[in-house]
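First up is the structure itself, then whatever we jot down about it.
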Amino acid sequence: MARYNPKETEPRWRKAWADADVFRTADNDPRPKYYILEMFPYPSGRMHMGHVRNYTMGDVVARYKRAQGHAVLHPMGWDAFGMPAENAAMERGVHPKGWTYDNIAAMREPFKVLGTSIDWSREFATCDPEYYGQQQRWFLKLLKRGLAYRREATVNWDPVDMTVLANEQVIDGRGWRSDAIVEKRKLTQWFLRITDYADDLIEGLQTLDRWPDKVRLMQENWIGRSQGLRLTWKFDTAPEGFENGLEVYTTRPDTLYGASFLAIAPDHPLAERLSSDPRVADFLKECRKGGASEAEIEGGEKLGLDTGLSVVHPFDPTWKLPVWIANFVLMDYGTGAIFGCPAHDQRDLDFARKYALPVKPVVLPGDAHPATFMIGSEAYVGPGKIFNSDFMDGMTVEQAKAAAVTRVEAQGQGKGAVVYRLRDWGVSRQRYWGCPIPIVHCQSCGPVPVPDDQLPVVLPDDVTFDIPGNPLLRHPTWKNVQCPSCGADAQRETDTLDTFVDSSWYFARFANPHAKEPIDKAAADKWLGVDQYIGGVEHAVLHLLYARFITRALKDEGMLSVAEPFTGLFTQGMVTHETYKAAKNDPDSKDEWIEPACVDFTTEAGVRVARVKATGEVLVIGDIEKMSKSKKNVVAPEGIFDTYGVDAARLFVMSDSPPERDVEWTNAGVEGAGRFVHRVWAEFDAQAEGPAPALDDSDAAALELRRATHKLIGPVGDSIERFRFNSGVAKLYEFLNILKAYPAAGAGSAVQAARAEALEVLARLINPFTPHLAEACWERLGKTGMVVDAEWPKADAALASDNEVTLPVQINGKRRGEVIVAKGTASADVEALALADASVSVHLAGLTVRKVIVVQDRIINIVAN
RNA sequence: GGGGACGUGGCGGAAUGGUAGACGCAGCGGCCUUAAAAGCCGCAGCCGCAAGGCGUGUGGGUUCGAGUCCCACCGUCCCUACCA
C-alpha cells in the first residue's frame, strides 16, 4: 500500500492531458456550448493565491460542464499593457516589452501547474501587435460613428513625472510615485461616448439575472440617472456674454419658491468672466488650492463669494436673487450652476446659515403646521404638501415637480431633462506601454485616421526611460509621418489607450484569436455571451461597465450580435492571511512586518504565541488581511504546490469558505485538504484489483452504501451549479467517512461490488476539484481513458430517495421524540404513531392535545396545553 | 452624508420556514509505536452528576413552528460621495 505521492502523480497527469490535447476547443463541436472565463490576469510575474482561487473556481465549473456534455470554451490571456512595465523600465532600466513577456513566460508555468482545463491554443496578450492592431481597427470605426472624440478636459498632471495621472493614482493630492503636488491641467484628450449608452446600460441590467444584485446596483448608482429640470434664470443686469441668462439644473423644481440664491462652480465660465475683479480672482485661487481629494472634501468648509450679480425669479419678476460662486458646486455635473433652496437641501442650508441667506420652507411634512414649522440646522428632505408656493400650494412634491416643469417650459425658460452622473470615458494616456491611438495630426486636415492598410500602428522598441515624460513624444522619428490625407508633414498621436479598453473586448477575441478582423463574427456568435464570468468585485463599475459599453458599441457596428458580454457573473472574495509584526517600544515607529514563513507558533498558557523562527522573538499577531507585499503576509502558491500538492491547494481554497467571501489561508487548513487527498487514495488503493463483482441489493449493508452513493451525486453537482463549492466539498468529505465504514471485503462480496460502484462515482465527483487525484483513482480502478473525458455520473432515482423517513415529533415546537415511517405515509397514520410514541406521551401527560400538524415526510408538531 | 452586505461553538462555516451547529480546523481521550511524527478509533454548543434547562448580536412581531420572514436597535465590513 503506497502513500499517494502528488509530486510524482500530478505532473504525470498534466502531461497526459497535454499529450492528448484534451482541452482544445473545436469551433464545430456540435454539443451545447458553454463559455467560462475568469478575468484575465495582469502579468506581474508572480502567481498569487487570489489567482489560485479565481482560476480553480472557473476550472471546477469548466470540468463539471465538460462532464455534463458541453462544448466548453475556457481560454486564457494576459492583460499585459500598463504602468508597472514602465515603472520597471524607469526603476531597473529594463524594457517594458521584455519585462512583460518575461513575466508572462514566468507566470504561464504555475498556471499550467494548477492543472486548469484551459485551451492554451487561444492564448494571447493585449500587448501583441496582432491584438492591439485589431483594437485600433475598431477604435477607428467608433471614431467614424462619433463614439470617439477629442475635447479639452481637466486632468491630474504630475509635474515631476510629466504625465497625466488617473484619479486613483492621486493620493492626498500628490502623485503616487513622485509625491509631487498634482496640478489641474487642461489637455486635449480622447474620449469614448459611453454616456450615449447610459440609459441602455441601465436597462440592460434588468436582463442580467445571473449577476449579483450588488454589482447591478453599483452600476446603476454609478450611472446615476436623475430626472429634473434645466432652467435658465434671467439676469437683472446681464454681464457680457451671458445675455441669455444662467442655466441651472435641479431635481427639485417643486422647491423653486424656496430658492434664496444661485451658485456657480468656481470653474464656471461666468466665474472666469468675472475674474478680472481681484476679489473674484483671489477667491478662485483659494478654491483651486483645496484640491479634490476625498479627505479634503469631507472636512472641507463651504466657501462662497457674492458676485454682486442678481437674477430674476422665473415665477415672480419682482423677486431678485443673488448669484454666488461656491466651492461645493461642481462644473462637470449638470450645468455647473444651481439654485439653492436651503430649507430642503442640507448643503444649501449649511451655506445659507454661514452667509446669512434666507431660509424659507416650502414643503410641509404631513404632521407639521404651516404656522409653526421651522427649519433649524437640518434641512427637511422628506415628502409633504407644498406651501408658501403660490400656484403649487397644496400639491404633493411629485405633483409640484410636474407643475413647475410645465410652467417653466410654457415660459420658454427651460425643459425637463435627464442628467447622468456617468461621464464620458477619457481614454488618453500619456504613456508608452499601451495601444497607440491610430491617428495622425495634420496642420491642415486636423486629426486623420491611419488608413487600414497602414495598421497596426506598432509601438517603437527604441525608447528611453531615463527621463520622465512620454517616451513616444520625445522619440526622434516615430511620430513624424506624412498626412494620410494630404501628404503634408504631420505627427502621430502620441497618447495611448487606457488599458481598460484592452480588457473591454478580449472575451470576444477569444472566439478566434487569430482572425484577420477584430472579431470573427461567426465564431463570436457561436460562443458569446460568456456563460459564466468570474472575478473580483473591485471591477464592478470599471471593467464590467466598460465591457458592457464596448460590447454594445461593437454590436451597433455590426461586429457582434450580443449586447451583453457576460450573461452570468460571479464575484469571488479575496485570499487573506494573518499578519505578524515585531513588537515595538516606540508607538510612533513604523510597523515591521514579518513573513509567515519566518514564524513559528506555540500555545503557551492556552494562548497562541508567534515567534520569529531564527531568534525566538515574540511577535504581535496582527489582523487578517488581503495578502499584500506591504504587510508581507503573502504565501506563494508554488511553495504550497510543492509541499502539499496542487490538488490539496485547490481543494482548500474551494472548501474553506463560501466562494463570494474572503478565505483565510492557513497551513492547517491546507494540511486538512491534503489529508483528504491521501484518505481518498487509500480507499482506492485498498480496493481489490480486477473486475468488480455484480451488484447485489439483497445484501443490506451493500444496499446502504449504494444508497449513500446515489444520494451524493445530486448535491455535489448542485453545489457546483450554484457556486456553493464549500458545501459540495463537505458532502464529499462526509461520503468518504461513510465509505470508510465499509472495508474492502473479500473478493466477490456484495459490499465490494457496492464499493466499486462508490469509487467509480467518487472519482468522477472529485474530478472538478482534485483532477490529478481523480485521474490516478480512475486509473487504479482499471478504467480505460481518462476521467477528464468521463461523463458525470447519473443518480439512480430509486436509490437516491429513501423509502423510510425519520420524522421528528415536536410538542409546542420542542423536539420530544421521533417516529420512523414509510415515505408518503398518510397524515392520520403518522399522527397516531406520534401520539403513541413513549417518549412523546411522557411529555403529553397532563396536557390536552389541541392540534396536530403533520408535514408529510418532514415533521410532526403537536400543539398541547 | 447616501447605498449595500453581514452578525450562528474556541475558529472557518452547514441548515427549500420544519431535528441548529453538517463538514473542516484547532482541542481532548484511546489504539499503534521503545518514543515521536504519521495514521486509525472515539469525545466534544453552554449550564448541570443527572433529569432537564438555555441557546443563531439585542428587543419586539408574524407562524403550529423562525438562524431563515417583518419592524426597531446595536455592532462589523464593503462601496460611494459636496452629483444639486
(Q) Take N1-N3 plus N6-O4 or O6-N4 for Watson-Crick, N1-O2 plus O6-N3 for G-U, both under 3.5 Å. Which runs of 3 or more such pairs involve RNA chain B? (A) B:1-7 with B:74-80, B:10-12 with B:23-25, B:27-31 with B:39-43, B:45-47 with B:52-54, B:57-61 with B:69-73

Q) Mind checking what makes ring-ring contact (aromatic ring centres under 6.0 Å, His included) contact with A:Trp211, not counting sequence neighbours? A) none

Q: Taking side chain to side chain donor-acceptor pair (under 3.5 Å) as the test, write out the residues that go with A:Arg230, two or more places apart.
A: none

Q. Can a donor-acceptor pair be found between the side chains of A:Asp350 and A:Gln346 at a distance below 3.5 Å?
A. yes

I'd like a list of close polar pairs between nucleotides 10-12 of chain B and the protein, N/O only, cut-off under 3.5 Å.
from	atom 1	to	atom 2	distance (Å)
B:G12	O2'	A:Asp656	O	2.9
B:G12	O2'	A:Asp656	OD2	3.2
B:G12	O2'	A:Ser657	OG	3.0

Q) Please give, in whole Å, the distance from B:G2 P to A:Arg347 CZ? A) 13 Å

Q: Under the side chain to side chain donor-acceptor pair (under 3.5 Å) rule, collect the residues that match up with A:Asp332, sequence neighbours excluded.
A: A:Arg423

Q: For residues A:Phe351 and A:Trp324, establish whether the separation of their ring centroids is below 6.0 Å.
A: yes

Q) Which residues satisfy the side chain to side chain donor-acceptor pair (under 3.5 Å) test with A:Lys731, sequence neighbours excluded? A) none

Output a table of nitrogen or oxygen pairs between the protein and nucleotides 41-47 of chain B separated by less than 3.5 Å.
none

Q) How about A:Phe725 and A:Phe723: are their ring centroids closer than 6.0 Å? A) yes

Q. Can you check whether A:Val323's main-chain N or O pairs, donor with acceptor, with A:Thr307's side chain at less than 3.5 Å?
A. yes

Q | Of A:Arg724 and A:Arg675, the one whose closest RNA chain B nucleotide lies more 5' | A | A:Arg724

Q.
I'd like to check A:Leu736 versus A:Glu683 (side-chain heavy atoms, cut-off strictly below 4.5 Å). Are they in contact?
A. yes

Q | Set of side-chain contact (heavy atoms from CB on, under 4.5 Å) partners for A:Lys626, sequence neighbours left out | A | A:Met574

Q. Is A:Lys214 side chain donor-acceptor paired with the B:C78 base, going by distance under 3.5 Å alone?
A. no

Q. In chain order, what residues pass the salt bridge (charged side-chain N to carboxylate O under 4.0 Å, His left out) check against A:Arg815, with sequence neighbours excluded?
A. A:Glu818

**Q.** Contacts of type salt bridge (charged side-chain N to carboxylate O under 4.0 Å, His left out), residue A:Lys214, not counting sequence neighbours
**A.** none

Protein-nucleic acid N or O pairs under 3.5 Å, nucleotides 17-23 of chain B:
from	atom 1	to	atom 2	distance (Å)
B:U19	O2	A:Arg815	NE	2.9
B:U19	O2	A:Arg815	NH2	3.4
B:A22	O2'	A:Glu734	OE2	3.3

(Q) My understanding is that only residues two or more places apart in sequence, or in another chain, count here; which of them pass salt bridge (charged side-chain N to carboxylate O under 4.0 Å, His left out) with A:Lys360? (A) none

